[in-house]
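One structure, pasted below without further comment.
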Amino acid sequence: MELVSWIIGSIISGLIIGALGRLVIPGPNPMSIGLTIVIGIGASLIGGTIGFIIGLRWFFNLLLEIAVAAVIVVMVQQSRRTV
């Protein structure tokens, strides 16, 4: 049961972090909701790990996760422009 809770929590937090990361970047971001969730989950894992290692409090950890999501969104936009 804990695994199911963790998975659901990761999806919800990924959606929120991914959406906030997209909002930080100006202009249209034609990405699917699935890609937004994947970006958010990845950003949560990367930013959360970095924040844990350097000892950030939860609020600054959240800001770091959003910043990582924004960087990933920019990378996705750049990769789509070159194609």
Side-chain angles (χ1 to χ4, degrees):
M1 188 65 171
E2 290 181 25
L3 179 62
V4 174
S5 302
W6 180 79
I7 291 171
I8 292 171
S10 295
I11 291 171
I12 292 170
S13 69
L15 177 62
I16 294 168
I17 296 296
L20 290 173
R22 283 178 66 178
L23 286 175
V24 171
I25 305 302
N29 295 318
M31 287 190 279
S32 67
I33 192 75
L35 184 57
T36 301
I37 292 171
V38 169
I39 288 173
I41 291 172
S44 292
L45 291 173
I46 294 167
T49 301
I50 293 170
F52 176 77
I53 290 171
I54 62 177
L56 292 178
R57 298 197 185 268
W58 73 269
F59 179 74
F60 297 107
N61 199 19
L62 177 67
L63 292 178
L64 179 62
E65 292 172 2
I66 294 169
V68 170
V71 168
I72 296 172
V73 167
V74 168
M75 290 171 36
V76 169
Q77 284 180 340
Q78 293 299 322
S79 71
R80 288 186 176 190
R81 285 186 193 160
T82 59
V83 173

Quiz: residues 60-68 side-chain donor-acceptor pairs under 3.5 angstrom, not counting sequence neighbours:
none

Worksheet item: Excluding sequence neighbours, so at least two apart, what forms side chain to side chain donor-acceptor pair (under 3.5 Å) with S13?
Response: none
With a 3.5 Å cut-off and sequence neighbours excluded, list the donor-acceptor pairs that the side chains of residues 36-51 form with protein atoms.
| residue | atom | partner | partner atom | Å |
| --- | --- | --- | --- | --- |
| T36 | OG1 | R22 | NH1 | 2.7 |
| T36 | OG1 | S32 | O | 3.0 |
| S44 | OG | G40 | O | 2.9 |
| T49 | OG1 | L45 | O | 2.6 |

Worksheet item: Mind checking whether I12 and V4 sit in one hydrophobic cluster, side chains of I, L, V, M, F, W, Y counted as touching below 4.5 Å?
Response: yes
Fill in: Identified side-chain contact (heavy atoms from CB on, under 4.5 Å) partner of V73 from the options I25, L23, V24
I25
Worksheet item: Should L56 and W58 be counted in the same cluster of Ile, Leu, Val, Met, Phe, Trp and Tyr side chains packed under 4.5 Å apart?
Response: yes
Item to complete: With the side chain counted from C-beta on, respond yes when I33 and L15 share a heavy-atom pair under 4.5 Å apart, and no when they do not.
Response: yes
